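Note: hydrogens, waters and symmetry copies are ignored here, and every other heavy atom, side chains too, is used. No experiment lies behind these values; they were computed from the predicted model shown.
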Amino acid sequence: MFNYINRGPIPSLKSGSSKKTIPIILVANEDLKKWQQSLSNNQQSWLKLNDFNATSGEILLFIANNGAVDFVAAGMGENNSSTIEQDPIEPWLFSKIAKSVPKGTYQISNILNDRDANSAAFGWAMAHYKFSVYLKETKQKLSILTVPKNCDINFVSHMVRGSTLCRDLVNTPTCHMGPDDLGEVSKSLAREFKAKITIITGAALLKAGFNTIHTVGRAAEKEPRLIDITWGNQKAPKITLVGKGVCFDTGGLDIKPSNSMLNMKKDMGGAAHVLGLGQMIMEAGLNVRLRILIPAVENNISANAFRPGDIIKSYHGTTIEIGNTDAEGRLVLCDALALASEENPDLLMDFATLTGAARVALGTDVPPYFTDDQSLNSELLSRSKNQCDPLWPLPLYDPYKELLSSSIADLNNVASTGLGGAITAALFLKHFVPKTIPWIHFDVYAWNDRERPGRPKGGEAMGIRSVFDYLATKFKS
Ligand code: BES
Ligand code: ZN
Ligand code: ZN
């Protein structure tokens, strides 16, 4: 199997100073005139000739007499640089710069604040991401950034490696990323960080009471399983991450139409997110007792597939009527959440590609999250803004819970209406977590539908940098 866990340094980032670096001068739109005046006459003509307007990501190379690049002007667009509360600079601006400049070693001339220095390094590094496992030709241009002095290269590297792991896992097709493979990747992650891992597989799930996980996954060739990783100081605050690991979602007997099924290798995106975030936490050595729970299944069709109308008794004890076999994510998650809750973690987070309705509400790039913990909510929103890692809260509106009622079981796995589908899905999950446990649920798309610098089409990590930023300050060791 491809080695997914990479702890090496980021090839495109260097710290310290080296002499032969090419300066990149960031020019905000409103500073263009002033900056222009500081240039020689020749340079000013060159600027005019190229119609350089300092729009965001616009690049102009200045060539020295010997033919080498003397310096690079990079437009920032409107940056509000004169205001005190300056907006963060998006990392993707630096991805665009890294992609546009010729091979070489660069440095940024402007003085950036700590946040933007990290953003620059992250964006620069991610510009070099390419899922090339299945390509014969893997050659790529490497441009190196000598990071600004105030850049926390370790912190950034944790985020780069974690995001890369997440993307790689999502991008790998199900033929090589089934429930068994997800188990193997988890084992190698555990081995790397000397974490404990147990995996309950197949019929053993039934014996232990994880009936929803077994039921959803039993029709697939690769047996369903529950992956359980624990790491860190047993006495430290308990942080538990739960990730939806549906390695492929056909929809089950309520089969998806082909265009909806096409991308469903990404339905283990939640698992990829918690493994990526878990790697960041373990690399950083945060002072937490980390637990990662992944119900890994394939929602497929066979003679023994679960059916609409079936009733499952969950690990929690709640009986669930199956209204739709395509609402399988909440089923596998509910047993994992109930197990997680048994030890009263200090913080319980789950990530899942749970609903299409979340996309209808907020589009592909803004994952909604749901929590009743107000301090976590406001803390996370500010980290999200800082990291340029979009997230937005949606309400756990309890009156909608009745939409999940069943006349012959305690709950139905789907609501009687599709409207508010992301909320009803979140309320379903909430049923399995005691009110006393701080819990947050992220409904992520885990995918870039379109190509942008630093964000190629394919798997994407969403929200985990915000969460890591939050945890890293709170639980610094
Ligand atoms: N994996 C899908 C949700 C999904 C679809 C996420 C497309 C991202 C993009 C999930 O298992 C599902 O099929 N959900 C259904 C639920 C419905 C049957 C209540 C949905 O959202 O349509
Ligand atoms: Zn589904
Ligand atoms: Zn699904």
The ring-ring contact (aromatic ring centres under 6.0 Å, His included) partner of His441 among Tyr369, Phe370, Phe351 is Phe370

Could you walk me through whether Arg289 and Glu343 pass the salt bridge (Lys or Arg N to Asp or Glu O under 4.0 Å) test, one step at a time?
CA-CA 12 Å; Arg289 197 301 315 264; Glu343 57 167 8; 2.7 Å; yes

Taking the six-membered ring for Trp, are His176 and Tyr134 ring centroids under 6.0 Å apart?
yes

With side chains defined as the heavy atoms from C-beta onward, is the minimum distance between Ile239 and Leu286 less than 4.5 Å?
no

Set of residues satisfying side-chain hydrogen bond (donor to acceptor under 3.5 Å, both in side chains) with respect to Gln234, sequence neighbours excluded
none

When every non-hydrogen atom of Ala125 is compared with those of Ile10, the smallest separation belongs to CB-CG2, 3.8 Å

Please tell me if the side chains of Pro368 and Trp392 come closer than 4.5 Å, counting only heavy atoms from C-beta onward.
no

Applying side-chain hydrogen bond (donor to acceptor under 3.5 Å, both in side chains), can you list everything that pairs with Glu460, at least two apart in sequence or on another chain?
Arg167, Asn448

Hey, are the side chains of Leu471 and Val288 touching, using non-hydrogen atoms and a 4.5 Å cut-off?
no

Is the shortest distance from a Lys or Arg side-chain nitrogen in Arg455 or Asp449 to a carboxylate oxygen in the other one below 4.0 Å?
no

Restricting to non-hydrogen atoms, name the atom on Asn299 and the atom on Asp326 that form the minimum distance, rounded to 0.1 Å.
ND2-CA, 4.4 Å

Quick check: Phe468 with Tyr470 (ring centres under 6.0 Å apart)?
no

Could you work out, with side-chain hydrogen bond (donor to acceptor under 3.5 Å, both in side chains) as the rule, every residue matching Thr319, not counting sequence neighbours?
Asp410

Determine, step by step, whether Leu348 and Val433 satisfy the side-chain contact (heavy atoms from CB on, under 4.5 Å) criterion, reporting the C-alpha distance in whole Å, the side-chain angles of both residues, the deciding distance to 0.1 Å, and the verdict.
CA-CA 9 Å; Leu348 176 57; Val433 182; 3.9 Å; yes

Please list, chain by chain and in numerical order, all residues satisfying salt bridge (charged side-chain N to carboxylate O under 4.0 Å, His left out) with Asp469, sequence neighbours excluded.
Arg383

Is Lys96 salt-bridged to Glu90, going by a charged N under 4.0 Å from an acidic O?
no

Smallest separation among heavy atoms of Ile423 and Pro395, with atom names:
CG2-O, 3.4 Å

Any side-chain heavy-atom pair of Glu321 and Ile312 under 4.5 Å:
no

Verdict with reasoning, Asp310 to Arg307, per salt bridge (Lys or Arg N to Asp or Glu O under 4.0 Å):
CA-CA 6 Å; Asp310 281 356; Arg307 316 161 190 83; 3.1 Å; yes

Going through the checks in order, is the salt bridge (Lys or Arg N to Asp or Glu O under 4.0 Å) test met by Asp372 and Lys430?
CA-CA 10 Å; Asp372 284 327; Lys430 181 177 164 174; 2.8 Å; yes

Determine, step by step, whether His316 and Thr318 satisfy the side chain to side chain donor-acceptor pair (under 3.5 Å) criterion, reporting the C-alpha distance in whole Å, the side-chain angles of both residues, the deciding distance to 0.1 Å, and the verdict.
CA-CA 6 Å; His316 180 266; Thr318 299; 2.7 Å; yes

Run the numbers on Asp350 and Leu429 for side-chain contact (heavy atoms from CB on, under 4.5 Å), then give the verdict.
CA-CA 10 Å; Asp350 76 75; Leu429 298 181; 3.9 Å; yes

Can you find a side-chain donor-acceptor pair between Asp335 and Thr212 that sits under 3.5 Å?
yes

Any ion pair linking Asp249 and Lys266 (charged N to carboxylate O, less than 4.0 Å)?
no

Check whether any side-chain heavy atom of Leu226 lies under 4.5 Å from a side-chain heavy atom of Leu339, and answer yes or no.
yes

Distance-minimising heavy-atom pair for Val242 and Ala340
CG2-CB, 4.3 Å

Got a sec, which pairs hit side-chain hydrogen bond (donor to acceptor under 3.5 Å, both in side chains) with one end in residues 214-233, sequence neighbours left out?
Asp228-Arg291

Scanning both residues in full, the closest heavy-atom pair of Met462 with Thr364 reads CE-O, 3.5 Å

Taking the side chain as every heavy atom from C-beta outward, state whether Ile437 and Asn344 have any pair of such atoms under 4.5 Å apart.
yes

Any side-chain donor paired with an acceptor under 3.5 Å for Asp443 and Thr355?
yes

Taking C-beta and beyond as the side chain, do Met268 and Val246 meet within less than 4.5 Å on heavy atoms?
no

Asp114: which residues meet the salt bridge (charged side-chain N to carboxylate O under 4.0 Å, His left out) condition with it, sequence neighbours left out?
none

Chi angles and distances behind the side chain to side chain donor-acceptor pair (under 3.5 Å) call for Ser466, Asp389:
CA-CA 6 Å; Ser466 308; Asp389 184 21; 3.0 Å; yes

For a side chain to side chain donor-acceptor pair (under 3.5 Å) check, start with the C-alpha distance between Thr172 and Tyr4, then their side-chain angles and the critical distance, and finish with the verdict.
CA-CA 10 Å; Thr172 304; Tyr4 290 91; 2.8 Å; yes

Mind running salt bridge (Lys or Arg N to Asp or Glu O under 4.0 Å) on Arg452 and Asp365 for me, showing each step along the way?
CA-CA 12 Å; Arg452 287 162 294 181; Asp365 295 358; 3.0 Å; yes

Checking side chain to side chain donor-acceptor pair (under 3.5 Å) for the pair Ser375/Asp373: CA distance, chi angles, key distance, verdict?
CA-CA 6 Å; Ser375 79; Asp373 187 317; 3.2 Å; yes

Run through Phe155, Phe94, Trp92 and flag the one making a side chain to side chain contact (heavy atoms under 4.5 Å, CB included) with Phe122.
Trp92

For the residue pair Phe442 and Met349, establish whether any side-chain heavy-atom pair is separated by less than 4.5 Å.
yes

